[in-house]
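Notes for the one structure printed next.
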Amino acid sequence: MTDSGEGPAPGPVGDLFGGPEIGPAPEGGWGEGAAVAVLVPIPVDRTLDYLAPVGGCAPGDWLEVEIGPRVMLGVCWGPGTGDFDRAKLRPALRRLDLPPVSAEMRAFLERAADYTLTDFGMMARLASRAPGLREAPGARRALRRGGEPPARLTPAREKVLELVEAEPDRLWLPTELAREAGVSAAVIKGLETAGALESLEVPRDRPYAPLDPAAPRRALSEAQEEGARAMRAKVAAAAREGRFSATLLHGVTGSGKTEVYLEAAAECLAQGRQALVLLPEIALTSAFLARFRERFGAPPAEWHSAASEIERRRCWRAAASGEAQVVVGARSALFLPFADLGLIVVDEEHDGAYKQEEGVLYHARDMAVLRGSLGRAAVVLASATPSLETWVNAQAGRYDRVDLPERFGPAVLPEIKALDLRDCAPETGRWISDPLAQAVAERLQRKEQALLFLNRRGYAPLTMCRACGDPVMCPHCDAWLVEHRRRGRMVCHQCGHEAPIPSACPSCKREDKLALIGPGVERLAEEAQERFPDARIAILSSDMAESAAVVKARVEAIAAGEADLVIGTQLVAKGHNFPLLTLVGVIDADLGLRGGDLRAGERTFQLMRQVAGRAGRADRPGEALLQTYAPDHPAIDALLTGDEESFLQSEADARREAGAPPFGRYAAAIVSGPHEDRVWRTAEALARAQDLLAPARAELLGPAPAPIYRVRGRFRVRLLVKAPRGPALQPALRAWRAAVRPEPQVMVRIDIDPQSFF
DNA sequence: AGCACGCCGACT
DNA sequence: GTCGGCGTGCTC
């Protein structure tokens, strides 16, 4: 590696396109023409060698490189590997005027790729997912309404002009305008040439308003104050001594977790470092942002998929430069290249939305801990109902723990009671028991709001033929088709397939023999309307509304009192408060407990707690009634007694006894293809070859060829592998996969199950 | 991820 | 006889 000793070429050197002047590469870099390893944003599991660009480059520098026919953003990773013919190396086009990726960030990306078994290159893609990074920061082409109406008007052109006319002052990015108008870039270009759109350079990104950590703040309770002190100490230790910490911040709804971790953020600002707050759902952010503003006097930088291109680019750059003091974002914000990240908060850490299940698979909560540990930051995992793994980690002393015991202010936790359906089962075809109906009637009479919770969309989950006994199935997968009466469609909840509601059995063709089994929210609303004819009833479920904004408006109207009785699915469990609500009735508390899911108990506990917590705000004591056939089930029992600690302990014990200990992680080999027999043979071969996993002390879980199932016409087998952490895991899994040459048309893909990191 | 190359079914 | 499906392989 004779090149590595060379210093950077003397600069500054202007770039090829008349962009900003680029200074010399920092110390430790390589001069122009030296071979350097570059992490490119494509799914290869290694770096590719390039020749350093004009002006040289150093580790962490963002480089524009050609890859095949395309130009992409890569990151200089180190000296060239030399394993590719030097004569064939292509030169990197230029070094970009962006802050270099820090050594901590690079270490994080390496470890994260290793941990999630993701091709290394894809980490570059995750870290550079912002529009316009290749353009100079100060200049960007934008469009606005021009003087000339175009000579020729086409429907596509009209759509564009309509948008532009609607907001005459708005500046549009060409791509943004094309996307929102639903037209191609050619249409935009045409209008520009015709003079109907005017092109101009937009000024550099607007700076973020500075946050004031010392802004006057709300008084905290004693418990909150104590929690805040503990959090501040963690952040200070991370800043001063480089000491990593992970802390479970545990407190019931209303105990003020947000106030406490905002104090941690304030300390982080005072230390001059950046803070990141991860939230599971964008829908929640408006309430959060209001609180944030109140605490710091200005809004944070925001990162999520709903943000505009300009917003995201601005946020990315500000995170990289260090200008953004606090970023609030969805899980992917974790891959922003912060200049100096001192605190990561994962709010509602138990939330499933942190699990990225498409493309690069990861669990943002776990990656937050990883990033914090490599970047000497404090990590705070906040939850009212911690996930089992976080709780176990806290018990084991790997995470610290801060508890906020009481609900702050006058708010009172609702009383949770069971309605044992063995004693009070409603008649066939009805699902509201008499005691529950009575409780609802009382609220209605007192002009209070009640909620009936049923986590099932549609009218009935199952349509079955009384003649032949066959259920109406989705033609593409193994799931039942669910009748949605209001829409007049049968819908598959697994793949989204839709069909009209049949009058004859699809199987035996007999007319009028189809029976609807079980309730969905639509059917429950029907029963409720029959029982309470005068009540204003509203259904809240995710398929009722077209867009997130419509759902939000609807929830707000209902929360404000537009309905007396709310029938809702999971949608009501999250985020929004219902200040008028004093009763929650859970129609089927056992719903999530059926089936063999390892996390059934844990999830049921979390969901029921959340739903119950919707009842009784401020001065009103609320009540939650759980209809159940299994009041003695540990999860239900824990809800009744409130003894979360014993419950989590028993879940952890049960997991261990079941041979699925929490102290390992799972990889899932997904074998799939269009031919059942081939998929089967491949799965069997993989199962037989499990001794290849020995180097990682990994073992196959469950009976060797696992159940085969069909998804979108392809057969799949999922083999679960348990493996302790360690450097041997990844090579062993790769060897395992490589050793079995799949049958033609059969794919073997090995993923980490992102939920099961302990 | 894109994109090109390459080998088997329904059509001008 | 071709057009076009997507399986396979490559990108320094």
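- Counting only residues at least two apart or in different chains, ring pair (Phe, Tyr, Trp, His ring centres under 6.0 Å) contacts with residues 34-70 of chain A comprise A/W62-A/W316.
- Partners of A/E110 under the salt bridge (charged side-chain N to carboxylate O under 4.0 Å, His left out) rule, at least two apart in sequence or in another chain, do not exist in this structure.
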Tabulated below should be each protein N or O lying under 3.5 Å from an N or O of nucleotides 9-12 of chain C; please produce it.
from: C/dT11; atom 1: O3'; to: A/G68; atom 2: N; distance (Å): 3.3
from: C/dC12; atom 1: OP1; to: A/Y50; atom 2: OH; distance (Å): 3.4
from: C/dC12; atom 1: OP1; to: A/E66; atom 2: O; distance (Å): 3.4
from: C/dC12; atom 1: OP2; to: A/R90; atom 2: NH1; distance (Å): 2.8
from: C/dC12; atom 1: O3'; to: A/D49; atom 2: O; distance (Å): 2.9
from: C/dC12; atom 1: O3'; to: A/R90; atom 2: N; distance (Å): 2.7
from: C/dC12; atom 1: O2; to: A/D49; atom 2: N; distance (Å): 2.8
from: C/dC12; atom 1: N4; to: A/R46; atom 2: NH1; distance (Å): 3.3

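- Residues satisfying the salt bridge (charged side-chain N to carboxylate O under 4.0 Å, His left out) criterion with A/R111, sequence neighbours excluded, are absent altogether.
- Take A/R129 and apply the salt bridge (charged side-chain N to carboxylate O under 4.0 Å, His left out) test, not counting sequence neighbours, and it matches no residue.
- The salt bridge (charged side-chain N to carboxylate O under 4.0 Å, His left out) search around A/R314 returns A/E311, not counting sequence neighbours.
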